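To keep things clear, I will list the structure first and then write my remarks on it.
Order of the sequence lines sets the chain letters (A, B, ...), proteins ahead of strands, with each chain counted from 1. The figures here come from the full heavy-atom set of this structure, side chains too, leaving out hydrogens, waters and symmetry mates. Not measured: the values here are computed from a predicted model.
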Amino acid sequence: MTEFAPTQPVGEQPAGYDPAAVERRWQARWETEATNVADLSSGARPFYALMMFPYPSAEGLHVGNLFAFTGNDIYGRFQRLKGHTVFEPMGYDAFGIHSENFALKVGVHPSELIPRNIDNFRRQLKRAGLMVDWTHELSTTDPRYYKWTQWVFLQLYKQKLAYKKKAAVNWCPFDKTVLANEQVVGGVCERCGTAVEQRFLEQWFFRITDYAGRLLANLDKLDWSESTLTAQRNWIGKSEGAEIVFPVQDVMAYAGSATVNEGMSGETTASALEIKVFTTRPDTLFGATYLVLAPEHPLVSQIVADEQRQAVEAYVARAAKQDLVARKTSKEKTGAFTGAYATNPATGQPIPIWIADYVLMEYGTGAIMAVPGHDERDFEFAREYDLPIVRVVAGAGQSADTPLDAAFAETEGCVLVNSSHFDGLTVEDARMAIVTELAAHHAAKPVVNYRLHDWCISRQRYWGPPIPIIYCDTCGVVPVPESQLPVVLPDIEDFRPDDSGVSPLARHEEWYHTPCPQCGKRARRETDVSDTFLDSAWYFLRYPSSDRDDVPFDEELTKRWLPVTSYIGGNEHAVLHLLYSRFVTMVLKDAGFIDFEEPFARFRAHGMIVREGAKMSKSRGNVVNPDQYIDEWGADAFRTYLMFLGPFEEGGDFRDKGISGVKRFLDRLWKSVHDARRDGAADAEVARKLHQTIKKVGEDVPRLSYNTAIAAMMEYMNTLRAGERVPHVDEVRPLVQLASPFAPHIAEELWSVLGEGRSIFDSGWPNYDEALVAEDSVTMAVQVNGKTRGTISVSKTASQDEAMAAALAEPNVAKFVTGAVKRVIFVPGRMLNVLV
RNA sequence: GCUCGGGUGGUGGAACUGGUAGACACGCAGGUCUCAGAAGCCUGUGCCUUCACCGGCGUGGGGGUUCAAGUCCCCCCUCGAGCACCA
């Protein structure tokens, strides 16, 4: 029988790293010690680290949310270590069609469902170890919040920036509901596949177009992701051009007179009607051979000739019936001739007036001058209906007679032809000249047009804040007095929308009828609720003041904390949410409530996470459930992995196997702290690497280059433990601080193991010594004729001669230096290139 | 169609104002430890050729600028996201 000795413990065995225990302990301590509660009224150097708040879905927190929040949290924690008072609030964007549809589907009232979802979200968020100040949590569905959303509406109303008009909306006859454009896919409802209809309904709008110029101009001053700025610029879509007046010819007068008037006198108009068009190419006016009005254009019924009336009305009816989406996607050109003519103010010639659905009522004046020679769409239309095509612009090598077999849209280096006395002018000069000449007869004026539309905020739905308006038969439209806010969303059992196109709120008799605030007579409430984008367009103002019921936001706190120092969110909100927030902020500034007009000083868009190369989706069944990963690896490893898998602003690929790498890093960090020796001194070479690492991480984190910051820490760890080296405590202490924004729980734990009493997040950020960072000798590449042939190790300040000598001493290099040296390129400290 | 991003080893991804391409991590291979395995630790790992050294080739494709190009310029292919008749 063999005797075997029991396993001898080698040295002192540190307790293993148990993420679950560590995380539970520190989350509890942060709560009891209020570690994450920011001193809003007097904390030094306020830093508002905001992330886009989530929609609390029933499925729970998505990794995409957690990816974004972690990225923000790291930046916030870093700024705290740098000495700022950091405010990192959290809330829920819980109103909206999404919640409502889901509630309908599962048959649970949203007022029951949403709080349940929020509880689950809060639980998951807390597990992730975010530095959230939970004392300022908010939900847009809370009457204490939406009271002020309604207040915001009233401020816009007071500024005459809220108005009502009839507008076309998508209507799904099966779901009996209004659909947002993005809910209509290829002309059918995305949920049930029913063909969508168009309905005209009274809607509330905000006059955001009044602010288009300012919203555009301010973009130049913002520290935002370039891609977001571009998206906003494109969305606002400024285009400079001219509005040109085309007099409509009286049908009878025209029929009886074949006179051709000359030039631009514009005096032969026999009808008082005029058609205004917007164009960015006034230089092509001589080529405008017909006009096109949108089918909805108000003048259509007035100008249409009797013999064309039937055809025109049929076309208008057809266009009206067509859903918006199909109309905007179909590129086929259709239209109808009205039988009427207008005078081209440049040529004096009569040109026919058509209607066609490729002209949109909502852009410009709803009418265009068609220049088929130089506009692709007009060209197609002219071909279809056999309308004249005239060349008025000639490019290099072209003349007035060069045939056009396609629209010629170039302008660079082109001159006018067939344009009377403007012939020979460049396109650029002609634009000005023609508008100036027409302007003298009030026939044109320079105009700036924006693609941006007014913001439709009405929703004929249940789950949203009621728009605070009352209709009285005597007093008309009456805003709800601020003292009567909030207009509480009534709790109704059957909130299912019906075929009427009227909000379900109208069915709640005792809510619907209310006394007029002015005359006291029986009046009716507005039954539309507002768009969720309005809820989120001002929430950042509410956070610091979320405990105040008497004001939407406290003046002092707002001064101290806003604009938001750093805002992080997804590019899917690059346009609407950010634009609406900027708009509401400007309006509130103009109304004197705040003293800044741009809400987010800095904005960075984070990337998207995919899983094993594929987009995550329920149908693919590849959705990452954070709970499961946190159970298995711990929140610290999960957070760090999310940040490691790719550049934060680009997103990355979540691969299950990858997480083991960062877990190993944390294990080694744990072990290094527990094993660290306290005797002797730190190693000089390790110290150099340490200082380089402090510098690198400190530069990478503010750039949100988290993946490279983590790689740098791993590299340092490799140095620290190379060849089973036992590190010195001074070598590991700063590393715990560097890692703390990424892995806050283990960092706190190790910080206390190192004997520190206070939270690591109040310990400051380690400094580095620039002198220590610089290497005194460098490895330089040596090339011969541009090919790298070897390396030399020389002092950082070595001269060219010294480097040459060292290089030639290298056999691998000398071998290739066969002839006389013709030229030497020397980049000090970097490389040496010898040309022979 | 337009706008904005991308295309780098077996994989995710590094690379500052042009200056040793492939940091860091996954995976893989070998070693160590172990009764054995797991975990850990150590070593190696772009491709081709070679026992090895040496050498050659390499950042989607093709041209160009430069002593030097993943990086700058031109053309093309391709993937992703957003917008979509905006006059």
[X] [atom1] to [N] [atom2]: how many Å, rounded?
X: A:Lys663; N: B:rA25; atom1: NZ; atom2: P; answer: 16 Å
X: A:Met714; N: B:rC24; atom1: CE; atom2: P; answer: 11 Å
X: A:Leu576; N: B:rG82; atom1: CG; atom2: P; answer: 13 Å

Base versus backbone protein contacts along nucleotides 12-21 of chain B [heavy-atom cut-off under 4.0 Å; B, S, -]
BSS-B--BBS
Which nucleotide sits closest to the side chain of [X]: [options]?
X: A:Asn234; options: B:rU3, B:rA87, B:rC4; answer: B:rU3
X: A:Leu835; options: B:rC24, B:rC85, B:rC67; answer: B:rC67
X: A:Arg789; options: B:rC83, B:rG56, B:rC54; answer: B:rG56

Between the protein and nucleotides 39-42 of chain B, which nitrogen or oxygen pairs are less than 3.5 angstrom apart?
residue, atom, partner, partner atom, Å
B:rG40, OP1, A:Arg664, NE, 3.1
B:rG40, OP1, A:Arg664, NH2, 3.3
B:rC41, OP1, A:Arg668, NE, 3.4
B:rC41, O2', A:Glu724, OE2, 2.1

Rounding to the closest angstrom, what is the interatomic distance between [N] and [M] at atom [atom1]?
N: B:rC72; M: B:rG18; atom1: P; value: 9 Å
N: B:rU3; M: B:rC75; atom1: P; value: 13 Å
N: B:rA14; M: B:rU49; atom1: P; value: 31 Å
N: B:rG5; M: B:rC57; atom1: C1'; value: 30 Å
N: B:rU59; M: B:rA21; atom1: C1'; value: 7 Å
N: B:rG58; M: B:rG22; atom1: C1'; value: 11 Å
N: B:rG40; M: B:rU78; atom1: C1'; value: 44 Å
N: B:rG13; M: B:rG62; atom1: P; value: 24 Å

Under a 90° cut-off about 0 for the syn range, is B:rG55 syn or anti?
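Anti, which is what one calls it when the glycosidic angle falls more than 90° from 0.
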Is the distance between the ring centroids of [Y] and [X] under 6.0 Å?
X: A:Trp455; Y: A:Phe205; value: no
X: A:Tyr706; Y: A:Phe644; value: no
X: A:Phe742; Y: A:Phe665; value: no
X: A:Phe67; Y: A:Phe648; value: yes

Taking all atoms of both residues into account, what is the closest heavy-atom pair of A:Val359 and A:Ala294, and its distance?
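Heavy atoms of A:Val359 and A:Ala294 come nearest at O-CB, 3.3 Å.
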Could you check A:Thr280 against A:Asn785 and say which one's nearest nucleotide on RNA chain B is further toward the 5' end?
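Here A:Asn785 is the residue nearer the 5' end.
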Counting any heavy atom closer than 4.0 Å, what does A:Arg233 reach on the DNA or RNA strands: base, sugar-phosphate only, or nothing?
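If one applies the 4.0 Å heavy-atom cut-off, A:Arg233 turns out to touch nothing in the nucleic acid.
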At under 4.0 Å between heavy atoms, what does A:Phe816 touch on the DNA or RNA strands: base, sugar-phosphate, or nothing?
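Sugar-phosphate: the residue A:Phe816, judged by heavy atoms under 4.0 Å, touches backbone atoms but no base.
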So does [Y] get a backbone contact from the side chain of [X], meaning a donor-acceptor N/O pair under 3.5 Å?
X: A:Asn622; Y: A:Lys615; result: yes
X: A:Asn344; Y: A:Leu285; result: yes
X: A:Tyr363; Y: A:Leu452; result: no
X: A:Ser799; Y: A:Glu802; result: yes
X: A:Glu243; Y: A:Val277; result: no

If you draw a 6.0 Å radius around CD in A:Glu376, do more than 12 non-hydrogen atoms from other residues or ligands fall strictly inside?
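No, CD of A:Glu376 has 12 or fewer neighbouring heavy atoms, counting only those of other groups under 6.0 Å.
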Rounded distance [0.5 Å steps], CZ in A:Arg664 versus CG in A:Leu669:
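A:Arg664 atom CZ to A:Leu669 atom CG measures 15.0 Å (nearest 0.5 Å).
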Is any NZ, NE, NH1 or NH2 atom of the basic residue among A:Lys695 and A:Glu699 found under 4.0 Å from an Asp or Glu carboxylate oxygen of the other?
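Judged by the 4.0 Å cut-off on N to carboxylate O distance, A:Lys695 and A:Glu699 do form a salt bridge.
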Now, which nucleotide makes the Watson-Crick or G-U wobble pair with B:rC4, with each of the two distances under 3.5 Å?
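Result: B:rG80.
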Please determine, for B:rC35, whether a Watson-Crick or G-U wobble partner exists with both distances under 3.5 Å, and give it or none.
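In the structure as shown, B:rC35 has no Watson-Crick or wobble partner.
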Could you tell me whether the phosphate oxygens of B:rC57, OP1 or OP2, come under 4.0 Å of any side-chain nitrogen or oxygen in A:Lys787?
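Answer yes for this pair, as a side-chain N or O of A:Lys787 is under 4.0 Å from OP1 or OP2.
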Is there any protein nitrogen or oxygen under 3.5 Å from a nitrogen or oxygen in nucleotides 44-50 of chain B, and what are the pairs?
none

